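Notes for the one structure printed next.
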Number of protein chains: 2
Amino acid sequence: MSNTGGRRKPPTIHDVAREAGVSRGTVSRVLNGGHYVSPAAAEAVNAAIRRTGYVVNRHARSLITGRSDSVGFLLTEPQERFFEDPNFNVLLRGCTQALAAHDIPLLLMLAGTDDERRRITRYITAGHVDGVLLVSSHSGDPVAEELRAAGVPLVACGKPIGLGSKVSYVAADDRDGARDMVRHLLGLGRRRIGVVTGPLDTPGGVERLAGYREVLAEAGVEEDERLIVSGDYSRASGEAAAERLLGRAPDVDAVFVASDLMAQGVLAALQRAGRRVPEDVAVGGFDDSPAAVAASPALTTIRQPWDRISAEMVRVLLAQISGEDTAAVILPTELVRRASA
Amino acid sequence: MSNTGGRRKPPTIHDVAREAGVSRGTVSRVLNGGHYVSPAAAEAVNAAIRRTGYVVNRHARSLITGRSDSVGFLLTEPQERFFEDPNFNVLLRGCTQALAAHDIPLLLMLAGTDDERRRITRYITAGHVDGVLLVSSHSGDPVAEELRAAGVPLVACGKPIGLGSKVSYVAADDRDGARDMVRHLLGLGRRRIGVVTGPLDTPGGVERLAGYREVLAEAGVEEDERLIVSGDYSRASGEAAAERLLGRAPDVDAVFVASDLMAQGVLAALQRAGRRVPEDVAVGGFDDSPAAVAASPALTTIRQPWDRISAEMVRVLLAQISGEDTAAVILPTELVRRASA
DNA sequence: TTCTCTACTGTGAACGCTCACAGATGCAGC
DNA sequence: GCTGCATCTGTGAGCGTTCACAGTAGAGAA
């Protein structure tokens, strides 16, 4: 396994220019859009590039342009949670591919420890990436704030809390998704509809609960605080929440659960309590994660458009990098009907 | 959300030199190891760096050194499979963090389409990364071969097939893991031990089967071809394999399954056939994936040291980048006892 | 013809760094 | 004193680009 071969010195723009019989300037112009260059010259340059196998040296380019033509994908804080979330994978993959289409590499940055946080902040503010795709936790995020203050282009996934209103983000329409699900449950004839909320210090948690309330109010079903319990998106918290719910409102005939993982816990608790799903209690989840299909019965749930979210994040970030003003983007969700409701 | 602030021009090595009252050369020396520089000068430079908030411009450095001080994490071919595998996440995270400790960013590269493959190959061979961490599929991989031919430092995760022997890799000891598991099943008094293999065109599949055979031979248990069925690591294939196995060898009293996902399928098939686990049939998995804990009963399985694998991959790659000859690294596995065996 | 305008091309200079080299200083040995 | 050596420092060149600018050629208008 010796490091055989070594790497030969790659051809430079000089070599291409000589080969094509033109000047560096002309080659550079062909490389960057090809304006103000004659068809003959362009053809000669392209042929020379093909022949020599020339690839632009991005370092030299970056040195003078000040751009790095790369962006960071920054995950702050509780990495476990995100890394275990299959949606995170879809997001990461989607962003990587969307960027690849623009020939922009993605740098993965994980800010776990304070040391990593410092290093990453320095790296980014030093201009080593042109912008940052941010997957942040719910709590106020010092890294993100620092980046924002430094004027680094930044797009968050999901509405960030505590970052002021100045940061662009892309998110699924949590509230509308919740509305769809609760409407669906109403459509099944259920009236004692409980809810297991997510953490209420996150926008998602708040919005999903708000959607639930709105639809019940619209339908003239009076709200009952006993039907509202909260969890933290984990399976265990869903199980505990369902037990509380059954204790406080035994006549519950449907539950809207703010995450599929929690819904798994809810199913377990209902089964233990001898309630049949969906006959006695209909259950609706949120996320359309693999957990939704793995559950038995399979979960009726709300799908978030993760592929579109990643594509939009990249689009918005690139727009921001090229100096445009960008706004938040909210994308529609979709109800996925399975057995549990 | 306007792109307010803009980015100020960062300080250069010139600024630091002026601030510290020394020359560029001295600052550069301090930055790169600090040899041949007086303590007084070093102190002055460090103070100036702190005061100015200087961060080295990596592009300028790379332009002259020829190194990029970044490495690629390359995933070729069936992305779905890897992206759904939680171990992949652990691997990716581990590599990112191990590299971060060396201040080396990781570029995520996904070679799905032919177009992406071409682009990535060009990007890498052009020297835009110093080396590549490779997660490849089992089949011969044209990208990897091209990289190897170009002399790009390369470390694969798992033994690559069809890449010649010239590529370094880091892998878990599949054979020894299989041996441990089969020994464990023997220790439980089982003698009619079946095996559900992985795909036999992968090193992992081959090795795990070989381990099974070795232990049975050692123990003097005669081999029975009816006890050997194969799958493709998927849950469904495990279920089908178990049905075949039960048909061919109804007296089976234990099954070593080459992946946890398949083992889930095996459990389902056994339950449907009315066999109790582990009383009638003991089941051993492989991987220690979340599926192992989620299964009921929870799977006894073989844990692969993914955290150590990622750390070793980075170590070996960096060694290779700095010109050392590197060999393959095989890491030990660990038997995790749970309810299924 | 001459002038102007457009389309195109070549040429230095610069980006911020490292590297090789030359020079300076101090100290030991003759 | 001089020489040699080790330690330290500054300087110029150059990495491979892009960019601003100057310059050329040709077409059309006056």
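Everything numeric here is computed off the predicted structure, so don't read it as measured data. Just so we're on the same page: letters track the sequence lines, and every chain starts at 1.
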D/dC19 P sits how many Å from A/Arg61 CZ, rounded?
9 Å
Look at the side chain of A/Arg58 against the base of D/dT17 and say whether a donor-acceptor pair falls under 3.5 Å; ignore hydrogens and angles.
no
For A/His35 and D/dT18, what is the distance between atoms NE2 and P respectively, to the nearest whole Å?
15 Å
Indicate whether OP1 or OP2 belonging to C/dA7 is found under 4.0 Å from a side-chain N or O atom of A/Ser38.
no
Taking 4.0 Å as the cut-off, does a side-chain nitrogen or oxygen of B/Asn32 come that near to OP1 or OP2 on C/dT18?
yes
Distance, rounded to the nearest Å, where A/Leu63 contributes CG and D/dT18 contributes P
11 Å
Phosphate OP1/OP2 of C/dC19: any B/Ser28 side-chain N/O under 4.0 Å:
no
Check this for me: does any side-chain nitrogen of one of B/Arg315 and B/Glu312 sit under 4.0 Å from a carboxylate oxygen of the other?
yes
Salt bridge present between B/Asp115 and B/Arg119 (N-O < 4.0 angstrom)
yes
In the structure I gave you, are the side-chain heavy atoms of A/Asp69 and A/Asp103 within less than 4.5 Å of one another anywhere?
no
How many whole angstroms separate atom NE2 of B/His14 from atom P of C/dT18?
12 Å
Does B/Ser68 use its side chain to pair, donor to acceptor, with the backbone of B/His128 at less than 3.5 Å?
yes
Toward the 5' end of DNA chain C, which comes first, B/Gly25 or B/His59, by nearest nucleotide?
B/His59
When B/Ile64 and B/Thr26 are each assigned the nearest nucleotide of DNA chain D, the 5'-most assignment goes to B/Thr26
Think A/Thr12 has a side-chain N or O under 4.0 angstrom from the OP1 or OP2 of D/dG16?
no
Spacing of B/Tyr36 atom OH relative to D/dA6 atom P, expressed in whole Å
8 Å
Here the distance between atom C1' of D/dC19 and atom CZ of A/Arg67, to the nearest Å, is 12 Å
Rounded to the nearest angstrom, tell me the gap between atom CZ in A/Arg29 and atom C1' in C/dC8.
7 Å
Test side-chain contact (heavy atoms from CB on, under 4.5 Å) on B/Leu99 and B/Phe73; report intermediate values, then the result.
CA-CA 11 Å; B/Leu99 286 167; B/Phe73 187 98; over 6 Å; no
Is A/Arg24 side chain donor-acceptor paired with the D/dT18 base, going by distance under 3.5 Å alone?
yes
Nearest-Å distance, CZ (B/Arg18) to P (D/dG10)?
14 Å
